[in-house]
Amino acid sequence: MNFISLLNKWYKKNKRPLPWRKTSDPYNIWISEIIFQQTRIEQGTNYYNNFIRKFPNLEKLALSTEDEVLHMWKGLGYYSRAHNLFFTAQHIYKDLEGIFPSTYSEILKLKGIGKYTAAAIASISFNEKIPAIDGNAFRVYSRFFNSEKDISKSSTFNYFFNLMLPLMPDNPGDFNQAIMDLGAIICSPSNPKCIICPIQVDCIAYKLNNQKILPIKSSYKKITELNIHYAYIKCHREILIIKRGYNDIWKGLYEFPKFKDIHEIYKISNTYTTTHKLTHKILHITISEINLESSEFYTIAKALNATILDKKQLKLYAFPKPLDFFLLYN
DNA sequence: GATACGTGGTT
DNA sequence: TAACCAAGTAT
């Protein structure tokens, strides 16, 4: 039996019962694929369930607002995913008659969808024979073929893509998901469980005992540090918030007004500091609480073009994690 | 092709 | 603990 048959047999018995596997509707598959970009199953599963409950189909998503979508995405990270998801839902609804594109090349044109996600949707929802290469697949293929190519290079993606393309079986969706499940359950990054691997017999890295040093991945991310000083401006139960732009972190989320020298102007009644670590930067955040009389409060709200928010309405707005945490106790 | 983009779990 | 990493994409 070849490795594809062995893998298929293994997958039928061992596939994980994940919620989005109950359907092949491209809408559901699309949502799941976006949520799970760079995101663990354990972290994203509740988000998937909540998202589908709130937006059960493409029309419901397209007719919502970006703030509603961001609110469902709050805490998940990589917020451009939510921004692009909403954009693409509206594009399909308005320009494509609400019909999800059905081929790899058409799906690839959609905003927020790259080569991996397009292949996943095309193979799972439309049975197109196209390899979906994510981090799991990179690892499995690197070991199976004993490849020492650097998986952070785009040329390596093309290498595996072209290698697997002619090998794709008649059930490409199951095959792609089987590779991913194998990578998650058996062919794990550290301590791969080669002893119980269904395709061990054909795995060249196992034969050469290279499984622990593969895949090769060059990576060095420079971490920068940044100070952010927020003014938490209050008037009784009302506070000021501002929506962030799209060129930086926390795209489209809400935050407090930012100041450099707020202490020189107003009286600070409380100060809260925290350190928040992203993958690529460390944020030193200071939040200064300032209580104002209503006339001054409304004047500064206007000057800052800030949104005045009754704290009872907090649930309608998406805040980044550290501010969400702060608001929980203030 | 290199870098920016979150959050939380693992080693 | 710091580094690494998880169903990647846009620029």
Side-chain angles (χ1 to χ4, degrees), chain A residues 15-16 18-21 28-48 70 73-85 87-88 107-121 123-124 131-140 150-158 161 173 175-185 187-192 212 215-224 226 244-253 255 274-283 285 318-325:
Chain A
K15 67 187 260 187
R16 293 173 290 178
L18 306 170
W20 51 97
R21 285 182 172 166
N28 296 66
I29 302 304
W30 172 47
I31 300 302
S32 74
E33 292 301 339
I34 301 300
I35 286 177
F36 291 104
Q37 287 169 4
Q38 298 292 282
T39 303
R40 292 164 195 275
I41 299 299
E42 312 82 66
Q43 189 189 0
T45 299
N46 284 340
Y47 280 87
Y48 172 81
L70 281 169
W73 211 268
K74 179 167 69 94
L76 195 54
Y78 285 160
Y79 299 96
S80 62
R81 294 185 292 178
H83 184 62
N84 290 334
L85 200 60
F87 176 92
T88 294
I107 296 169
L108 190 53
K109 291 177 185 168
L110 301 173
K111 213 169 189 178
I113 293 182
K115 289 191 277 192
Y116 160 73
T117 301
I121 298 170
S123 64
I124 295 169
I133 303 173
D134 71 327
N136 288 304
F138 266 125
R139 186 170 57 256
V140 172
D150 185 346
I151 63 167
S152 58
K153 290 186 186 300
S154 56
S155 60
T156 306
F157 182 97
N158 296 332
F161 186 91
F175 174 77
N176 282 331
Q177 293 183 90
I179 290 287
M180 291 190 276
D181 269 21
L182 188 77
I185 300 168
C187 198
S188 42
S190 56
N191 302 318
K212 285 186 180 169
I216 305 293
K217 186 179 185 182
S218 72
S219 74
Y220 175 66
K221 293 188 180 81
K222 193 176 172 187
I223 296 179
T224 56
L226 193 63
R244 287 184 64 89
Y246 299 90
N247 302 321
D248 204 343
I249 60 172
W250 300 328
K251 293 178 178 58
L253 271 60
E255 63 183 357
T274 186
T275 298
H276 187 73
K277 292 179 180 175
L278 310 183
T279 305
H280 56 297
K281 58 179 68 167
I282 296 173
L283 308 176
I285 298 173
F319 293 91
K321 208 69 182 176
L323 299 191
D324 215 33
F325 185 79

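Naming convention: chains lettered A, B, ... in sequence-line order (proteins, then strands); numbering from 1 in each chain. The basis for the numbers below is simple: all heavy atoms, side chains too, and nothing from hydrogens, waters or symmetry mates. This structure is a prediction, so every number in the text was calculated from the model and none was measured.
If you take CE of Met180(A) and C1' of dG8(C), they are 12 Å apart, rounded to a whole angstrom. Per the geometry, CG belonging to Leu182(A) stands 14 Å off C1' belonging to dA7(C), to the nearest Å. Between the CD1 atom of Ile185(A) and the P atom of dA6(C) there is a distance of 15 Å, rounded to whole Å. In this entry the distance linking CZ of Phe161(A) with C1' of dG8(C) reads 15 Å, nearest Å. Atoms CD1 (Ile29(A)) and C1' (dA7(C)) sit 12 Å apart, rounded to a whole Å. The CG-P distance, from Asn136(A) to dC5(C), rounds to 13 Å in whole Å. In this entry the distance linking NE2 of His83(A) with P of dA10(C) reads 12 Å, nearest Å. Rounded to a whole Å, the CG atom of Asn28(A) is 16 Å from the C1' atom of dA7(C).
Note that CG of Asn136(A) is 11.5 Å distant from CG of Asn176(A), once rounded to the nearest 0.5 Å. Between the CG atom in Leu110(A) and the CZ atom in Phe87(A) there is a gap of 9.5 Å [rounded to 0.5 Å].
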Next item on the list: Could you go through the side-chain contact (heavy atoms from CB on, under 4.5 Å) check for Leu76(A) and Ile35(A) one step at a time?
Entry: CA-CA 8 Å; Leu76(A) 195 54; Ile35(A) 286 177; 4.1 Å; yes
Item checked: Asp134(A) vs Gln37(A), side-chain contact (heavy atoms from CB on, under 4.5 Å): CA-CA, chis, key distance, verdict -> CA-CA 9 Å; Asp134(A) 71 327; Gln37(A) 287 169 4; over 6 Å; no
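Look at the P atom in both dA4(B) and dA7(C): the space between them is 23 Å, to the nearest Å. Across the P atoms, dC4(C) and dT3(B) are found 15 Å apart, a figure rounded to whole Å. Nucleotides dT9(C) and dG8(B), compared at atom P, are 22 Å apart to the nearest Å.
Annotation: ring pair (Phe, Tyr, Trp, His ring centres under 6.0 Å) contacts of Phe138(A) (sequence neighbours excluded): none.
For the pair Phe319(A) and Leu70(A), the minimum side-chain heavy-atom distance is 4.5 Å or more.
Looking at heavy-atom distances under 4.0 Å, Ser152(A) makes no contact with the nucleic acid at all. Contact annotation for Leu18(A): base contact, defined as any heavy-atom pair under 4.0 Å involving a base atom. Within the nucleic acid shown, Arg139(A) comes within 4.0 Å of sugar-phosphate atoms alone, with no base atom in reach, counting heavy atoms only. Residue-level contact check: Trp73(A) touches neither bases nor backbone, having no heavy atom under 4.0 Å from any strand.
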Check: Base, backbone or nothing for each nucleotide of nucleotides 6-11 of chain B, written B, S, -, heavy atoms under 4.0 angstrom, 5' to 3'?
Finding: BBBB-S
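Note on Lys281(A): a side-chain N or O is less than 4.0 Å away from OP1 or OP2 of dC5(B).
In this structure, His276(A) and Trp250(A) have tilted ring planes: the angle between them lies in the 30° to 60° band.
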